[in-house]
> 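For reference, the structure I am asking about is given below.
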Amino acid sequence: MTQKLLLIDFENVQQVDLGRLDDACDVMIFVGASQKNVPIDLVTAAQKLGARVEWKRVEGNGKNALDFFIAFELGRIAERGGAPQCIILSRDRGFDPLLRHLNKNGLRCRRINSMLELEPRTDGQGDDPNYNRAVEVLGKQEKKSRPRRRKTLSQHIASMFQNKLAQPEVDRIVDLLFANKLVSEMNGAITYEFD
């Protein structure tokens, strides 16, 4: 039996590296009705996993349509019993109340913002100068002057580099801060865990 199941909200997160998964993890990739293109790198990586990957095309459009499909699948998993740990890859915090409810009822669930959170490196990022610079600057700032929202944190990091970093690199740095548990988010507010 599968020990872990990763449910990917592909409308919400397109940075998906299936190479980060261990052999005990199956995957469901939920693709929105209006999404017409999937990167060839993702398709190739999915093919290597064979039957461990299932594609779910959401029929119809609508606000949160894809989220309801994921919620339905979680309900089916809970009903079957003996369920694996379920991990939702989505930046949509709307899943959090449902996941709290499912956890109270015996299903082990969590949401991650990035694949990097599957294998956090709490010992720092070694020779990653951009990440190290962001950690250094944020660590030296007074608590009250640090950004309190994800969007402003992203803008703050971009400004550290005079807006010369591409947005995917800024997003990667933010994801690493979360993955390494240097920042956390609750109810849209960011908390810093620097020493």
> Tell me the closest heavy-atom pair linking D171 and S154, and the distance in Å.
OD1-OG, 4.1 Å
> Restricting to non-hydrogen atoms, name the atom on V38 and the atom on W55 that form the minimum distance, rounded to 0.1 Å.
CG1-CH2, 3.8 Å
> Hey, is the main chain of E142 close enough, under 3.5 Å, to the side chain of S145 for a donor-acceptor pair?
yes
> Flag the pair L6 / D26 as yes when at least one side-chain heavy-atom distance between them is below 4.5 Å, and no otherwise.
no
> Taking the side chain as C-beta and beyond, is there a heavy-atom pair between V31 and V58 under 4.5 Å?
no
> G32 and L66: which non-hydrogen atoms are nearest, and at how many Å?
N-CD1, 3.5 Å
> Would you compute the distance between atom CG of L42 and atom CG of N37 and round it to the nearest 0.5 angstrom?
12.5 Å
> In plain terms, say whether R76 and E73 are close enough for a salt bridge, that is, a side-chain N and a carboxylate O under 4.0 Å apart.
yes
> Are any of the side-chain heavy atoms of D67 and I88 separated by less than 4.5 Å?
no
> Using the rule given for side-chain contact (heavy atoms from CB on, under 4.5 Å), can you reason through V13 versus D9, listing the C-alpha separation, both sets of side-chain angles and the distance that settles it, and then say yes or no?
CA-CA 6 Å; V13 177; D9 177 350; 5.9 Å; no
> Should L21 and L18 be marked as a side-chain contact (heavy atoms from CB on, under 4.5 Å) after you check the CA-CA gap, both sets of side-chain angles, and the distance that decides it?
CA-CA 6 Å; L21 301 178; L18 297 178; 3.8 Å; yes
> Assess whether side-chain contact (heavy atoms from CB on, under 4.5 Å) is satisfied between C86 and L7, documenting all intermediate values.
CA-CA 7 Å; C86 295; L7 299 100; 4.1 Å; yes
> Could you give the distance from CZ (F10) to CD (Q15), rounded to the nearest 0.5 Å?
9.0 Å
> With sequence neighbours left out, what residues match R150 under side-chain hydrogen bond (donor to acceptor under 3.5 Å, both in side chains)?
N113
> Once rounded to the nearest 0.5 Å, what's the spacing between atom CZ of R148 and atom NZ of K143?
10.0 Å
> Start with the C-alpha distance between F178 and V183, add both sets of side-chain angles, then the distance that settles side-chain contact (heavy atoms from CB on, under 4.5 Å), and finish with yes or no.
CA-CA 5 Å; F178 276 94; V183 296; 3.7 Å; yes
> Ignoring hydrogens and geometry, is there a side-chain-to-backbone donor-acceptor pair from N180 to L182 under 3.5 Å?
no
> How long is the span from the CD1 atom in I77 to the CE atom in M28, to the nearest 0.5 Å?
5.5 Å
> For E79, is the CD atom crowded, meaning more than 12 foreign heavy atoms sit under 6.0 Å from it?
no
> Can you name the nearest heavy-atom pair linking N103 to R108, along with the distance?
OD1-CA, 3.3 Å
> Mind checking the CG-CD1 spacing from L5 to I87? Nearest 0.5 Å is all I need.
8.5 Å
> Should V43 and V27 be counted in the same cluster of Ile, Leu, Val, Met, Phe, Trp and Tyr side chains packed under 4.5 Å apart?
yes
> Atom CG of D92 and atom CG of N12: how far apart are they, to the nearest 0.5 Å?
5.5 Å
> Would you say the side chains of E169 and N130 form a donor-acceptor pair under 3.5 Å?
yes
> Could you check whether any side-chain N or O of R146 sits under 3.5 Å from a backbone N or O of L138, counting only pairs where one atom can act as donor and the other as acceptor?
yes
> Is L165 close to M160 at the side-chain level, that is, under 4.5 Å between some pair of heavy atoms?
no
> For residues R52 and C25, report the shortest heavy-atom separation together with the two atoms involved.
NH2-O, 2.7 Å
> Take atom CG of D23 as the centre, draw a 6.0 Å sphere, and report whether it contains more than 12 heavy atoms from other residues, nucleotides or ligands.
no
> I'd like to know whether K56 forms a salt bridge (Lys or Arg N to Asp or Glu O under 4.0 Å) with E54, so could you lay out the CA-CA distance, the side-chain angles of the two residues, the decisive distance to 0.1 Å, and finally the verdict.
CA-CA 6 Å; K56 300 275 191 176; E54 185 176 350; 2.9 Å; yes
> Does any part of the side chain of H156, heavy atoms only, come nearer than 4.5 Å to the side chain of P147, both counted from C-beta?
yes
> Would you find a donor on one side and an acceptor on the other, under 3.5 Å apart, between the side chain of R111 and the backbone of L89?
no
> Quick one: does any side-chain atom of Q14 pair with a main-chain N or O of E11 as donor and acceptor, under 3.5 Å?
yes
> May I ask you to test the K151-L153 pair for a side-chain heavy-atom distance under 4.5 Å?
no
> Answer yes when D128 and R133 have at least one side-chain N-carboxylate O distance shorter than 4.0 Å, and no when they do not.
no
